[in-house]
Amino acid sequence: MRAWAIVTLMLAMISCASPSRAEDGYELWLRYHPLPPAQVTLYNHQATELIAGAATSTQDVTRSELQRGLSGLLGHTVSLSDHITHDGAIVVGTPGSSALIGSLHLNTQNLGSDGYLIRSVMVNGHAATAIVAQTDVGALYGAFHFLRLLQTAQPIEHLDLRETPRLKLRVLDHWDYLNGQVERGYAGASIWDWWKLPDWRAPRYTDYARANASIGINGTVLNNVNAGAIILTPAYLQKVAALADVFRPYGIRVYLSIRFSAPIEIGGLKTADPLDPQVQAWWHAKADEIYKLIPDFGGFLVKANSEGQPGPEDYHRTHADGANMLADALAPHGGVVMWRAFVYSQKNPEDRAKQAYDEFKPLDGRFHANVLVQVKNGPIDFQPREPFHPLFGAMPKTPLMMEFEITKEYLGFATHLVYLGPLFEEVLSADTMARGNGSTVAKVIDGSLEGHPLTGMAGDANIGTDRNWCGSDFNQANWYVFGRLAWNPMQSSRSIAEDWVRMTFTNDQAFVKPVVDMMMGSREATVDYMTPLGLVHLMGPGHHYGPAPWDASESEADWRPVYYHRADHQGIGFDRTSTGSDAVAQYAPALAAQFNDVKQTPEQYLLYFHHVPWDYRMRSGQTLWHELVAHYTQGVEDVKQMQETWQHLDGHIDAERYRQVAAFLAVQEKEAQWWRDACIAYFQSISGLPLPPGYAPPQRSLTYYESLKFQYVPGFSSW
Ligand code: GCV
């Protein structure tokens with residue numbers, strides 16, 4: 001007995017010493033580890049019993065999540081009940097499914113299918129918390145919000161919250177191939193085990209759905225936009241249906257990327273011409289087949305006539321012809337088409353930044369009602385910084401869907417700590433001036449500017465089979481912030497970062513504040529050490545790892561860094577003014593005038609819009625060359641500062657995650673230095689200018705940096 005007591009005591013001591021508990025990141029922001037005792041005491045009398053139905057699968061997962069969350073956070077099981085017996089009950093559901101909730105007569109009007117209320121109420125003299133929605137999924141979202149309040153140590157008395165999403169489709173796009181590889185994936189292989197589906201439904205699929213539902217994501221495109229036709233064959237549709245079954249209770253619909261030429265490849269037709277009746281009939285039949293298996297199937301995502309993919313232009317038809325043909329096949333079932341505007345062609349000598357606008361703007365008003373045009377945040381390709389895409393605000397008759405890249409193809413892969421919230425926020429809050437001041441990108445995509453009911457945001461996922469899902473603990477924050485901004489694109493990325501840090505690590509303010517500050521500065525640091533002052537696309541060819549501003553080896557001109565920076569002995573930058581490529585004219589007149597004038601252009605976009613002499617005087621009074629070197633150097637200094645911040649936080653969290661972050665920051669510092677030195681060495685070889693006083697020369701020669709070659713780079717080299 002005595003030995004047993006000692007063992008129990010030791011185990012209790014180990015579990016109390018939470019800062020040293022090893023963790024692997026699998027639980028994401030849904031850890032539900034015990035709150036500090038003082039917090040538990042506070043919450044205990046406000047969470048005494050749970051009244052939650054389980055008549056549907058969504059109600060069932062809502063109830064389980066609340067039980068799991070409450071028992072984890074409070075350290076004891078909260079009893080289930082079917083009526084209120086004490087103060088402190090938590091009641092969750094809809095007026096239709098619960099007489100108790102119906103009797104509260106709360107105003108659930110206009111909550112729509114996903115909204116919810118969280119209210120402190122009195123029931124028969126007992127204080128209670130009601131989580132109420134019009135649908136089961138709305139109640140699930142409310143339950144996750146309520147748990148978030150506890151996880152982030154917020155008060156739960158006197159609650160009066162009302163939430164509805166501003167966007168209808170909140171979707172992850174997986175760039176996963178059916179062979180298990182993930183294009184631009186830095187977190188291992190695809191989480192979809194296609195071979196074992198439909199018979200084996202890995203528990204991880206459920207955890208994936210939980211995580212998504214907790215942040216309001218309600219759709220997932222399972223396969224890469226560079227799609228094969230095989231996904232549409234009966235055997236694969238069975239596998240897709242199995243995943244849809246797992247996700248359904250969590251309010252998540254599945255979508256598929258389709259290959260436009262599938263009617264030829266798996267349908268035996270001679271053409272995929274969207275105006276051909278046989279092709280149309282094939283897609284109608286395919287849609288019917290899919291909906292028989294998956295009644296709530298979401299629809300199709302399409303990359304057409306872009307980077308070698310087939311599309312309607314192969315038959316001299318427009319993107320609208322192609323999208324509408326698919327939309328008509330899906331419409332009877334309520335499905336949508338998300339048609340990508342990421343198009344450019346090497347046959348077109350026009351500035352690549354202009355090509356999507358040139359092709360899509362004339363099609364405004366020509367898409368059917370269930371089509372969204374999915375536009376990347378900037379005109380080039382998810383660079384550390386670009387101006388917002390000029391299509392936002394330029395297609396008032398078409399619902400435009402935002403596409404962000406959550407996976408960090410151009411921002412340091414898995415190992416650089418870069419919180420993308422500020423990047424997303426910068427784009428969403430940018431003013432398109434399409435309908436005067438205040439016509440922000442957020443208002444374009446939430447439909448409020450032009451009154452579109454169909455709205456959405458897509459994020460190219462950073463998820464893989466790594467235990468921590470995203471390749472690093474901090475990359476989880478990018479999945480998280482994407483979901484929260486897709487729910488409400490007006491939110492501040494700082495407050496979302498704070499929630500994430502509290503849920504993922506600790507509520508200890510001595511940790512939260514410096515870590516949130518570090519995250520908020522991390523994207524600007526990366527812009528500085530990679531592509532400051534409006535430079536873009538300086539990365540290594542094909543794999544996109546590391547700097548290669550000198551590279552001209554790519555087969556196509558607009559895949560080469562030299563195409564983008566245009567550095568010569570006189571100066572640097574791409575002239576997109578009215579005397580250059582005139583890309584500025586694609587923006588609203590007031591913005592076009594601003595970007596056209598070198599003096600009015602925000603310096604963060606200077607070299608994106610202007611070719612500027614090396615001795616150009618910046619607002620600081622320094623020359624452009626001096627400032628370029630200063631930005632590159634600052635980026636490295638900022639990463640060193642991040643390392644220092646992290647060093648001071650040792651002991652605040654578990655050793656396992658702490659150590660990996662520290663190791664990754666060391667990689668980031670090394671690679672930031674490499675970016676700085678390689679870019680300075682190269683640009684100096686072009687400008688012929690000495691380094692400004694006080695700046696260290698590159699550590700190695702330009703020849704050395706140019707000689708570096710990489711094999712098996714994740715996300716690319718093994719295709
Ligand atoms: C999925 C860039 C990436 C490609 C990606 C493409 C796209 O070109 O490098 O990997 O392909 O964008 O978004 O379609």
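All residue numbers refer to positions in the sequence shown, counting from 1. Order of listing sets the numbers, starting from 1, for every ligand and every atom in it.
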I need the atoms of ligand 1 closer than 4.0 Å to a non-hydrogen atom of [X], numbered in the order shown.
X      : answer
Asn226 : 1 (C), 11 (O)
Glu409 : 3 (C), 9 (O)
Glu183 : 1 (C), 4 (C), 5 (C), 10 (O), 11 (O)
Val225 : 1 (C), 14 (O)

Is [X] in contact with ligand 1, taking contact as a heavy-atom separation below 4.0 Å?
X      : answer
Trp559 : no
Glu403 : no
Glu405 : no

Under a 3.5 Å threshold, yes or no: a donor from one side chain and an acceptor from the other, between Tyr529 and Gln673?
no

Under a plain distance cut-off of 3.5 Å, with no hydrogens placed, do Tyr608 and Arg385 share a side-chain donor-acceptor pair?
no

Does the pair Phe342 and Tyr344 meet the rule for a ring pair (Phe, Tyr, Trp, His ring centres under 6.0 Å), with working shown?
CA-CA 7 Å; Phe342 177 65; Tyr344 63 96; 5.5 Å; yes

Kindly determine whether Arg576 and Asp351 satisfy salt bridge (charged side-chain N to carboxylate O under 4.0 Å, His left out), including the steps that lead there.
CA-CA 8 Å; Arg576 296 194 162 95; Asp351 174 5; 2.8 Å; yes

Ligand 1 versus Tyr410, non-hydrogen atoms closer than 4.0 Å: side chain, backbone, both, neither?
side chain

Is it the side chain, the backbone, both or neither of Asp460 that has a heavy atom closer than 4.0 Å to ligand 1?
neither

Checking heavy-atom distances from atom 14 (O) of ligand 1 to each of Arg184, Lys303, Glu307, the winner is Lys303

Close N or O approach (Asn224, ligand 1; < 3.5 Å)
no

So which of Tyr410, Trp559, Tyr186, Phe382 actually passes ring pair (Phe, Tyr, Trp, His ring centres under 6.0 Å) with His544?
Tyr410

Taking the six-membered ring of Tyr236 as reference, does the NZ or CZ atom of Lys239 fall below 6.0 Å from its centre and within a 45° cone about the axis?
yes

I want to know whether Phe482 and Phe404 have ring centres closer than 6.0 Å.
no

Sequence-distant partners of Glu450, side chain to side chain donor-acceptor pair (under 3.5 Å), two or more places apart
Arg435

